[in-house]
Every structure is written in structure tokens, then in C-alpha cells.
Amino acid sequence: VHLNIQGDEFGYIPNVLVPLLVKEVHRWHSVDMNIMALVPLAPQMFTLQCLPPLTTLSLELWSGQFPVGYIDLSHCITNADSNLEYLAVGESTLVRLPLDRTALHLPRPRFLFYRSIKGAGDLPDLLSACPNLEELEVDILGQTSSPLSKTLIPEPVRLPRLRSLTLEL
């Protein structure tokens, strides 16, 4: 499912249609949603659960409110729990992780895109859970002037297969 909404001035598609589509995520292999709303979206509009059929999960939301949507990775703790190869976490999107963040296990992602207006957030936990990343794009909007090494990634992360790194701070 690819959904690209640019400027729905009444909010019908993101506030009414998208929640109906999200109920069918268990049948999909790919979810790519890019929504730019001209009206405020319903707060905490929806949650996309990362279920085993998904290989691509991308959620990019542009709204005056934060957060609008969640990517739920809270049950991804074994090799069988996720087939994700591509994960994109956009602005106004939060990630729901297991209570024990060190239990998060995403062995298959080759690509991770992470954009945030609230600092690094869950990025260190995502990186630790994705040892096979080949491409990493990080866009931290509104980054403060404090040292990058302490605010973005407080602990070293080993990514032996990383071939491409893009940082926008």
C-alpha cells in the first residue's frame, strides 16, 4: 500500500480513510504513507503494528501536532517476529518499543531512515537492534548545539555492514 496525500484541506483521508486502512495491515507486505495535512490531524491518529508479513514500513506525517502516528515494534523480540528490510520513521511519528528496550531485535533491516523534531529519541535503540543495516539516513530537526556524540548516540553502536550514512542535523 502506497499512500501519498499532499494537501487534503478537509482532513477526510488522513482522519477517516487511513484509520480504516490500518485495520488491514496484517495483510500487507509494504506500507508507505506520506501524509501532509492542511488541517490538524486527530492526535495519536493511528498505530501501525509491525507484523511478520511486512518487509517495508514507512510512515512520514506532516502535521501541526505531535505525535500523530506510532510504529509499534514492541513485540519484535525474536528473529521470527519481523521481516522488515526497510524502516522509515518520519516526523510526527513515534516508535513503540518493548518495555525492555534491549530485547528489541530487528535482524533484517538493510535501510533505516529516521527523522525527528525531538532529538534522537529512540534512534540509539533502533540502531542497536538492526545489526545488518547497509544504509542509514538520520535527519534531526532543531538539534541543539550540545556535542553530537553525547546527544545523538550516547553509546557506540556496531554496524559492520553499513555502506552509506547520511546525517542532516
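This is a predicted model, so every value here is computed, not measured.
- In this structure, N132 and P107 approach most closely via the heavy-atom pair ND2-O, 2.6 Å.
- Under a 4.5 Å side-chain heavy-atom cut-off, the cluster of Ile, Leu, Val, Met, Phe, Trp and Tyr residues that includes Y86 is completed by F111, F113.
- A donor-acceptor pair under 3.5 Å is formed between the side chain of T55 and the backbone N or O of H29.
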For L127 and L159, run side chain to side chain contact (heavy atoms under 4.5 Å, CB included): C-alpha distance rounded to whole Å, both residues' side-chain angles, the deciding distance at 0.1 Å, then the answer. CA-CA 8 Å; L127 290 176; L159 299 171; 4.2 Å; yes
Given side chain to side chain contact (heavy atoms under 4.5 Å, CB included), test V22 with T47 step by step and report yes or no. CA-CA 8 Å; V22 167; T47 297; 6.0 Å; no
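- Annotation: side chain of L21 is in contact with side chain of L3 (closest heavy-atom distance under 4.5 Å).
- Counting heavy atoms from C-beta outward, L97 and S74 have side chains that stay 4.5 Å or more apart.
- The pair R163-E134 counts as a salt bridge, with a side-chain nitrogen and a carboxylate oxygen less than 4.0 angstrom apart.
- Under the 3.5 Å distance criterion, the side-chain polar atoms of T93 are left unmatched by any main-chain donor or acceptor of V89.
- The line from NE2 of H105 to OG of S128 is 12.5 Å long, rounded to the nearest 0.5 Å.
- Closest of all the heavy-atom pairs between N83 and P52 is ND2-O, 2.5 Å.
- Judged as a salt bridge (charged side-chain N to carboxylate O under 4.0 Å, His left out), not a single pair has a partner in residues 70-87 (not counting sequence neighbours).
- With hydrophobic clusters built from ILVMFWY side chains whose heavy atoms lie under 4.5 angstrom apart, I77 does not share a cluster with I71.
- Using a 4.5 Å heavy-atom threshold, the side chains of L126 and L112 count as touching.
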Check the pair L84, R108 against side chain to side chain contact (heavy atoms under 4.5 Å, CB included), reporting the backbone distance first and the verdict last. CA-CA 6 Å; L84 275 184; R108 291 175 181 82; 5.8 Å; no
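- You'll find the side chain of L54 reaches within 4.5 Å of the side chain of V25, heavy atoms only.
- Rounding to the nearest 0.5 Å gives a distance of 9.5 Å between OG of S82 and CG of L51.
- The pair E60-R115 counts as a salt bridge, with a side-chain nitrogen and a carboxylate oxygen less than 4.0 angstrom apart.
- Taking every heavy atom of both residues into account, W28 and V1 meet most closely at CE2-CG2, 3.3 Å.
- Between D139 atom CG and L169 atom CG the span is 8.0 Å, to the nearest 0.5 Å.
- With values rounded to the nearest 0.5 angstrom, M33 atom CE is found 9.0 Å from L57 atom CG.
- Considering CG of L59 and CD1 of I35, their distance stands at 7.0 Å, rounded to 0.5 Å.
- Considering all non-hydrogen atoms of both residues, D125 and L104 come closest at O-CD2, 4.0 Å.
- Proximity of V138 to E168: side-chain heavy atoms (C-beta onward) are nowhere separated by under 4.5 Å.
- In this structure, I140 and Y114 have side chains that are in contact, with non-hydrogen atoms separated by less than 4.5 Å.
- The CG atom of L87 sits 14.0 Å away from atom CZ of R110, with the distance rounded to the nearest 0.5 Å.
- A salt bridge does not link R96 with D122: none of the charged nitrogens is closer than 4.0 Å to a carboxylate oxygen.
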